[in-house]
Amino acid sequence: MYEGSKINTLKGVGDKTASLFLKVGVSTVSDLLDYYPRTYDVYEDAILISEIEEGKVVTVTGTVFGRIQVGGSKNMQITSLLLKDISGTLKVVWYRMPFLRTTLSKGGMLTLRGKVTRKRNGMVMEQPEIFYPAHTYAEKKGTLQPVYPLTTGLTNNLVKKVMVQAMEFIKEDQEFLPEEFLEKYKLEGYEKSRRTIHFPENKESFIQARHRLVFEEFLIFVLSLRMQKEKEETYKNQFVFKEQPLIGEFIKKLPYELTGAQKKVWNEIQTDMSSEHMMSRLVQGDVGSGKTMVAFLAMLYASLNGYQSALMAPTEVLARQHFETITKLLSSYQLPLKAQLLTGSMTAKEKRECYSQIQTGSVDLIIGTHALIQEKVLYRNLALVITDEQHRFGVHQRESLAGKGSMPHILVMSATPIPRTLGIILYGDLDISIIDELPKNRLPIKNCVVDTGYRNTAYKFMESQIKQGRQCYVICSMVEESEHLEVENVTDYTEMLREYFPTSIKIACLHGKMKQQEKDELMEAFGRNEIQILVSTTVIEVGIDVPNATVMLIENAERFGLAQLHQLRGRVGRGKYQSYCIFMSAAKAKETKERLEILNKSNDGFFIASEDLRLRGPGDLFGIRQSGLMNFKLGDVFQDAKILKDASNAAEEIRKEDLTLTSNKYKDLATHLKKYMSGHLLEKTL
């Protein structure tokens with residue numbers, strides 16, 4: 001077996017290379033084999049220049065038109081040429097490759113394959129792969145080449161080279177699924193699926209391999225949930241909760257009436273917290289549906305009964321916003337409780353004071369990031385933990401808190417609307433509540449789906465909103481090639497906007513490579529309206545409330561899943577002003593337009609999620625991670641809904657037959673499950 005074999009046992013992997021792999025979470029051969037490509041280069045037929053679509057990787061064949069030029073600076077030389085075919089010409093550029101002027105000046109046909117983007121002066125193909133003479137492209141046509149997630153210093157070629165060696169470690173006898181499952185669910189064997197996912201011969205073999213790996217990923221996930229549920233059902237409620245009239249008085253004093261859905265969910269939470277067993281409940285609700293108020297009521301219920309409650313947010317800036325909201329509510333309604341903020345960026349002295357207040361019980365409501373569950377934090381009597389869905393709370397965290405006191409109630413908040421059929425499977429360890437109404441005073445967002453020819457009109461509209469004192473978001477899709485290019489994409493776009501808009505309009509960019517502190521500072525400056533346009537990648541998906549932001553422009557909207565687009569749209573429409581979302585798409589395919597039209601017509605997240613599910617066929621599976629939900633390596637709960645249901649049925653068969661997995665039939669599956677639960681988000685300490 002290769003489970004414990006270190007990656008430096010492979011030829012050509014020294015200490016330096018091993019440290020690069022460690023940065024992407026790979027330290028053993030086993031880790032390496034589970035390090036799946038994030039997409040594949042599919043070498044398809046060459047197309048005419050006139051057929052090129054913005055944002056796509058394409059292959060074109062033609063001749064050099066005019067002179068090949070080398071310009072730019074000493075540190076960044078840019079080689080450019082015009083490629084001509086019978087339908088038109090295309091500008092092509094390469095960076096730091098001045099020698100190409102000599103290589104390509106010999107004339108004749110050449111084939112180029114690369115991504116085409118729209119610059120100020122038209123379409124440009126950047127850094128393409130060169131096939132010269134043109135006929136050499138035939139050798140690669142029709143093949144699939146793996147493209148791996150990378151970090152600085154780690155190249156795709158290096159990963160492929162090392163992966164070829166790792167293939168030798170895979171053996172047929174490593175199969176851990178029962179034979180009857182392979183037949184019933186039409187699954188490929190362990191060995192073949194792992195070889196093929198890295199080096200598929202064609203699309204069909206890739207789809208088969210991926211099907212097997214997604215099935216096993218879902219099966220192990222669902223089984224671990226079932227086991228967790230069985231375990232949690234044995235947890236007795238050690239807290240005594242009495243009705244608190246003060247909460248009813250507080251609700252009556254609010255300047256608005258709670259929606260029927262909020263009242264229903266609040267009643268479910270109260271019933272859970274005063275029942276015989278510990279609460280494990282998920283509250284699903286669209287962006288702006290009032291989940292935070294329900295969470296606050298639960299915290300009040302715990303604290304007015306003499307217990308502490310904790311609210312864990314995914315980022316410091318969001319934790320601070322929750323803290324300010326809660327502090328204001330406690331003060332405005334003269335509630336006799338004290339809130340405390342705890343985050344990782346606090347000074348050692350601030351943290352010590354905070355730990356002391358938590359331990360002595362002089363604070364009741366504690367709001368923070370994952371710092372809330374670190375070892376140094378000792379609670380006096382923690383009865384309730386509320387988390388964001390990004391912080392799925394596993395047995396390990398719950399028991400580590402129980403070691404500091406009693407087993408707390410758990411409430412998970414989620415703004416990701418998913419169809420109930422999938423929710424029951426994915427949140428099998430939780431009872432589900434849904435807030436499916438928006439507050440009456442909320443103005444619905446006005447949407448429009450447009451092509452790239454509308455861009456200048458969109459900019460003028462943004463400028464008119466800014467003149468009225470409002471703010472705007474622009475979302476750029478992640479650039480596939482590398483994180484570096486993702487950053488470049490956002491910064492380039494920001495520069496382009498700065499040239500278009502007057503200097504009085506402050507424009508900033510936000511991306512995943514920034515340090516958390518930088519992101520927080522930018523978001524806070526945006527919150528204060530010191531920045532009028534924020535250009536961002538999808539890191540904005542989980543962000544603070546900026547009620548003054550009224551416009552969201554999403555570039556290349558076709559590259560996102562509908563559920564994610566809906567989440568992004570939820571960053572606007574959070575205040576009293578009319579808000580707008582512009583979905584810009586360069587795609588001409590009828591199916592893409594149909595998908596985006598759903599967003600154009602509806603602001604209902606649950607309807608959008610079910611439509612997303614209906615429209616997603618097997619389609620283009622290459623590198624699809626559209627929903628990003630639940631941190632699966634390969635599986636996508638929308639794209640692979642049928643596989644998820646099959647895996648759930650298989651897990652139910654196992655549960656009825658042998659949930660402890662002690663029989664000979666399931667002993668190998670038990671080993672895999674144990675490995676998963678020790679390293680997955682259900683168990684690992686955040």
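Keep in mind that this is a model prediction, so the values were computed, not measured.
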(Q) Using the salt bridge (charged side-chain N to carboxylate O under 4.0 Å, His left out) criterion, which residues pair with E530? Sequence neighbours excluded. (A) R528
Q) Which pairs, with at least one residue in residues 246-265 and sequence neighbours excluded, count as a ring pair (Phe, Tyr, Trp, His ring centres under 6.0 Å)? A) F250-F296, F250-Y333
Q) Under the side-chain hydrogen bond (donor to acceptor under 3.5 Å, both in side chains) criterion, do Q517 and E521 qualify, and how do the steps go? A) CA-CA 6 Å; Q517 190 181 342; E521 285 169 2; 3.1 Å; yes
Q.
For the backbone of K519 and the side chain of E524, can you confirm whether one donor and one acceptor N or O come within less than 3.5 Å of each other?
A. no
Q) For P444 and Q578, which heavy atoms make the closest approach, and how far apart are they? A) O-NE2, 2.9 Å
**Q.** Side-chain donor/acceptor of R226 to backbone N/O of V222, under 3.5 Å
**A.** no
(Q) Can you tell me how far apart CG (L553) and SG (C476) are? Round to the nearest 0.5 Å. (A) 8.5 Å
Q) Would a 4.5 Å heavy-atom cut-off, applied to side chains only, mark I247 and W266 as touching? A) yes
Q: Start with the C-alpha distance between L599 and H566, add both sets of side-chain angles, then the distance that settles side-chain contact (heavy atoms from CB on, under 4.5 Å), and finish with yes or no.
A: CA-CA 7 Å; L599 287 159; H566 178 65; 4.2 Å; yes
**Q.** From CD (Q334) to CD (E249), nearest 0.5 Å
**A.** 11.5 Å
**Q.** Approximate separation, where rounding is to 0.5 Å, of S280 OG and L430 CG
**A.** 6.0 Å
Q) Quick one: side chain to side chain contact (heavy atoms under 4.5 Å, CB included) partners of E268, sequence neighbours excluded? A) K264, V265, R281, S433
Q. With E276, which residues qualify under side-chain hydrogen bond (donor to acceptor under 3.5 Å, both in side chains), at least two apart?
A. K236
Q: Enter the distance from L565:CG to I608:CD1 here, rounded to the nearest 0.5 Å.
A: 9.0 Å
Q | Centroid-centroid under 6.0 Å between H409 and F241 rings | A | yes
Q. Between I554 and C581, which heavy-atom pair has the shortest distance, and what is it?
A. CD1-SG, 4.1 Å
(Q) I'd like to check the salt bridge (charged side-chain N to carboxylate O under 4.0 Å, His left out) partners of R352; sequence neighbours left out, ordered by chain and number. (A) none
Q. How close do L522 and C509 get, heavy atom to heavy atom, and via which atoms?
A. CD1-O, 3.1 Å
(Q) Quick test of your reading: applying side chain to side chain donor-acceptor pair (under 3.5 Å), list the pairs with at least one residue in residues 598-607, sequence neighbours left out, ordered by first then second residue. (A) N447-N603, R569-N603, E597-N600
Q) For Y577 and Q468, what are the C-alpha separation, side-chain angles and deciding distance, and is it a side-chain hydrogen bond (donor to acceptor under 3.5 Å, both in side chains)? A) CA-CA 11 Å; Y577 310 108; Q468 293 172 45; over 6 Å; no
Q. So which pairs with a foot in residues 291-316 pass salt bridge (Lys or Arg N to Asp or Glu O under 4.0 Å), sequence neighbours left out?
A. E316-R320
Q: Heavy atoms only: give me the nearest I435-Q262 pair and the separation to one decimal.
A: CG2-CG, 4.3 Å
Q. Any side-chain heavy-atom pair from L365 and V363 closer than 4.5 angstrom?
A. no
Q) Under the 3.5 angstrom rule, does the side chain of Q471 hit a backbone N or O of F526 as a donor-acceptor pair? A) yes
Q: Only counting residues at least two apart or in another chain, list the ones meeting side-chain hydrogen bond (donor to acceptor under 3.5 Å, both in side chains) with E257.
A: K263
(Q) D272 vs H277, test: side-chain hydrogen bond (donor to acceptor under 3.5 Å, both in side chains). Steps then yes/no. (A) CA-CA 8 Å; D272 278 1; H277 294 287; over 6 Å; no
Q) So, does S648 use its side chain to make a donor-acceptor pair with the main chain of L644 at under 3.5 Å? A) no
Q) Stepwise, does the side-chain hydrogen bond (donor to acceptor under 3.5 Å, both in side chains) test hold for T550 with Q465? A) CA-CA 8 Å; T550 57; Q465 285 284 299; 2.8 Å; yes
Q: Go through the structure and list residues passing side chain to side chain contact (heavy atoms under 4.5 Å, CB included) with A310, not counting sequence neighbours.
A: L372, Y379, L382
Q: Starting at CG of L311, measure out to OG1 of T369 and round the result to the nearest 0.5 Å.
A: 11.0 Å
Q: Decide side-chain contact (heavy atoms from CB on, under 4.5 Å) for I326 and I367; before the verdict, give the C-alpha distance in whole Å, the side-chain angles of both, and the deciding distance to 0.1 Å.
A: CA-CA 9 Å; I326 286 170; I367 299 100; 3.9 Å; yes
(Q) Rounded at 0.5 Å granularity, tell me how far CE in M523 sits from CD1 in I531. (A) 9.0 Å
Q) How about Y355 and L378: do any of their side-chain heavy atoms sit closer than 4.5 Å? A) no
Q) Going by heavy atoms in the side chains, are I251 and L297 under 4.5 Å from each other? A) yes
**Q.** Residue E243 excluded, over 12 heavy atoms near CD under 6.0 Å
**A.** no
(Q) Please check this pair: side chain of D364 against backbone of K338, looking for a donor-acceptor N/O pair closer than 3.5 Å. (A) yes
(Q) I'd like to know if the side chain of N237 reaches the main chain of F239, judged simply by a donor and an acceptor atom lying under 3.5 Å from each other, with no hydrogens or angles considered. (A) yes
Q) Can you list the residues that meet the side chain to side chain contact (heavy atoms under 4.5 Å, CB included) rule with T325, with sequence neighbours excluded? A) Q321, L329
**Q.** N548 side chain to G469 backbone, donor-acceptor under 3.5 Å
**A.** yes
**Q.** Residues in side-chain hydrogen bond (donor to acceptor under 3.5 Å, both in side chains) contact with S362, at least two apart in sequence or another chain
**A.** T360
Q | Closest approach of G635 to F218 (non-hydrogen atoms, all atoms of both residues) | A | CA-CZ, 3.9 Å
Q. Which pair of heavy atoms, one from A549 and one from Y473, lies closest together, and at what distance?
A. CB-CE1, 3.6 Å
Q: Report yes or no: does R380 contribute a side-chain atom to a donor-acceptor pair with the main-chain N or O of Q308 at less than 3.5 Å?
A: no
Q: Could you tell me whether the side chain of S274 reaches within less than 4.5 Å of the side chain of K242, counting heavy atoms only?
A: no
Q) So, does E217 use its side chain to make a donor-acceptor pair with the main chain of K633 at under 3.5 Å? A) yes
Q) Sub-3.5 Å donor-acceptor pair from the side chain of K351 to the main-chain atoms of G344, do we have one? A) yes
Q.
If you apply the rule side-chain contact (heavy atoms from CB on, under 4.5 Å), what do you find for L534 with V474, and how did you get there?
A. CA-CA 6 Å; L534 187 63; V474 176; over 6 Å; no
Q | Which residues share a side chain to side chain contact (heavy atoms under 4.5 Å, CB included) with T347, sequence neighbours left out | A | K349, E350
